[in-house]
Amino acid sequence: MNVLVIGSGGREHALAWALSASPLIGSLYCAPGNGGIADVATCLNLDPMDFDAILAACRTHDIGFVVVGPEQPLVAGLVDRLSEAGIKSFGPTASAAQVEASKAFTKELCDRHGIPTAGYEKFTDAQTAKLYVRGVPAPYVIKADGLAAGKGVVIAEDLKTAEDAIDEMFAGAFGEAGQEIVIEEFLTGEEASYFVLTDGASALPLATAQDHKRVGMRDTGPNTGGMGAYSPAPVMTPEMCETVLTQIIRPTIDAMAAEGRPYKGVLYAGLMIGADGPKLIEYNARFGDPECQVLMMLLKSDLLPALIATHDGTLDDITLEWHDGAALTVVMASKGYPGAYEKGSVIGNLDAAAQVTGARIFHAGTSLQDGQLTATGGRVLNVTALGQTVKQAARTAYEAVDLIDWREGFCRRDIGWRAIEREKKKQS
Ligand code: AMP
Ligand code: GLY
């Protein structure tokens, strides 16, 4: 079967790499792909939002299955369009992708079905929102309702910052996404992510992960798309996973089916594990980036049949095998990210870094220009490794990082620190 992956980041490189090992694959394509994906798939220079062009490419290349990586085409209805054309795909329809596209939608779904989440109010004008925050204690969690590439959330420690954030959101700082805002109760505890595949009825747990959203050491500084991640998340014990499945994931899958928008694909739950149990922070309708990279490193089984089963409604027939131990990924980004950065610098010695035993490098923002690997984005490389422990995986990943010759890039040196401290405590 010929398969097409949609997207161009590290997540899509990891998916394409895993799919390329499937004996069921005829030809593997990726649109638009990147400099690393080109090693495992044929890259097609298409815009993921140009659905007509994608449908045409599916016919030209006799594509039997499409794997949609990022949220934007899902929310805009790519899966619906493919389905109308009789092409199978991985991912939710536009109406099911509302779990990510609208924070208010997910909050109301949780309310209707008793799914634990932070308390909230929603607002459509700045005046009422500001009156509300004046009556509740800090810190304030203020969210633009729609998609804002992970940047539509402000945690304000004081009233002034909260009111400014409200004004900015209604003034259009996040475009359409800020026409409505949600103000939430501030949750305390430890954050973790949980990924399950679902065919609209059954849930197949994949793995847990923790990511590092902040750009600075010890999780400080501005938010990014993610500077690194590891799996499993120590806080997600088998008992906690079962609680999350029972209280959060399964009720959501059942609710979506009952409300006429069955959810198929991967459901990514962002969770806060607090003293009174797990609460849902948010859902995403796709794999996390860079969490997907660690999940694909840990997966032993063929990915393709599992993804196809989410479409066909046969997930109950699938079992997946995983490597023991842990996986960790370090994001290398262009200096300046998540602010302004320069594109076009040349990355050297990647082949030597990729030779480190246990390490694998996924590309997030690269292209080959005149035979040279060039940085083309904010997040550029995901240096990923397996290990018996998070500490071992980190050691291997940083050994590979240190071989890469890229002066215009940087990375955090402490990915996995919470888990590593926990491992240390356990040993002593
Ligand atoms: P989100 O985009 O909804 O995942 O939010 C981004 C980040 O903001 C999360 O990963 C949390 O660190 C933080 N956050 C979001 N909502 C809350 C909340 N209700 N309480 C505490 N922290 C939150
Ligand atoms: N790493 C966070 C995300 O993919 O949303």
Side-chain angles (χ1 to χ4, degrees), residues 71 74-75 92 95-122 139-148 150 152-155 177 180-198 200 202-211 213 223 226 229 231-233 235-259 261-288 291 295:
E71 63 274 21
L74 292 169
V75 170
S95 75
Q98 282 300 300
V99 296
E100 174 163 2
S102 166
K103 301 210 185 277
F105 171 84
T106 298
K107 286 298 197 182
E108 286 160 11
L109 185 86
C110 288
D111 275 357
R112 285 195 295 277
H113 299 276
I115 297 164
T117 185
Y120 74 101
E121 296 285 336
K122 73 178 189 190
Y140 308 97
V141 182
I142 299 160
K143 301 187 177 182
D145 180 64
L147 288 187
V153 177
V154 174
I155 314 265
E180 183 166 291
I181 68 166
V182 168
I183 301 183
E184 286 185 11
E185 165 200 5
F186 180 76
L187 298 175
T188 53
E190 186 166 344
E191 276 188 73
S193 305
Y194 196 25
F195 296 87
V196 304
L197 292 181
T198 169
S202 299
L204 177 65
L206 293 177
T208 63
Q210 270 166 327
D211 74 340
K213 287 202 172 74
N223 258 322
S231 173
V235 68
M236 294 297 289
T237 59
E239 298 74 36
M240 185 54 71
C241 287
E242 196 48 47
T243 306
V244 171
L245 272 176
T246 314
Q247 295 184 358
I248 298 178
I249 306 276
R250 289 205 182 97
T252 301
I253 293 169
D254 293 346
M256 294 292 280
E259 295 190 6
R261 48 177 111 213
Y263 187 97
K264 295 181 172 197
V266 59
L267 186 61
Y268 159 0
L271 304 164
M272 186 70 85
I273 312 300
D276 55 348
K279 285 189 178 165
L280 180 73
I281 296 178
E282 62 159 4
Y283 275 130
N284 292 309
R286 46 157 179 100
F287 280 106
E291 293 91 328
L295 263 53

If every non-hydrogen atom of G200 is compared with every non-hydrogen atom of K264, which pair is closest and at what distance? N-CG, 4.0 Å
Could you check E108 against K122 for salt bridge (Lys or Arg N to Asp or Glu O under 4.0 Å), going step by step and ending with a plain yes or no? CA-CA 10 Å; E108 286 160 11; K122 73 178 189 190; 2.6 Å; yes
Under 3.5 Å donor-acceptor, E100 side chain and A285 backbone: yes
State, without any angle test, whether T252 and Y283 hold a side-chain donor-acceptor pair at a distance under 3.5 Å. yes
Of all the heavy-atom pairs spanning Q210 and E191, show the shortest one and how long it is. NE2-O, 2.7 Å
Evaluate the criterion side chain to side chain contact (heavy atoms under 4.5 Å, CB included) for residue pair V153 and E282; output intermediate values, then yes/no. CA-CA 11 Å; V153 177; E282 62 159 4; over 6 Å; no
Considering non-hydrogen atoms only, spot the tightest contact between G288 and F195 and give its length. N-CE2, 3.4 Å
On a heavy-atom basis, which atom in V196 and which in P205 lie closest, and how many Å separate them? CG1-CA, 3.8 Å
I248 vs Y194, side chain to side chain contact (heavy atoms under 4.5 Å, CB included): CA-CA, chis, key distance, verdict: CA-CA 11 Å; I248 298 178; Y194 196 25; over 6 Å; no
Is D145 reaching over with its side chain to a backbone N or O of K103, donor-acceptor style, under 3.5 angstrom? yes
Look up atom OH in Y268 and atom CD in E291, then write down how far apart they are to the nearest 0.5 Å. 4.0 Å
Show, in sequence, the C-alpha distance, side-chain angles and deciding distance for L280 and T106, and conclude whether the side chain to side chain contact (heavy atoms under 4.5 Å, CB included) test is met. CA-CA 10 Å; L280 180 73; T106 298; 3.9 Å; yes
So, the side chain of S231 versus the backbone of L295: is there a donor-acceptor pair under 3.5 Å, distance only? no
For E184 and A118 the tightest heavy-atom approach is OE1-CB, 3.7 Å
Identify the two heavy atoms, one from N223 and one from K213, that lie closest to each other, and give their separation to 0.1 Å. OD1-CB, 3.2 Å
Please determine whether side chain to side chain contact (heavy atoms under 4.5 Å, CB included) holds for the pair Q98 and L109, giving the CA-CA distance in whole Å, both sets of side-chain angles, and the decisive distance to 0.1 Å. CA-CA 10 Å; Q98 282 300 300; L109 185 86; over 6 Å; no
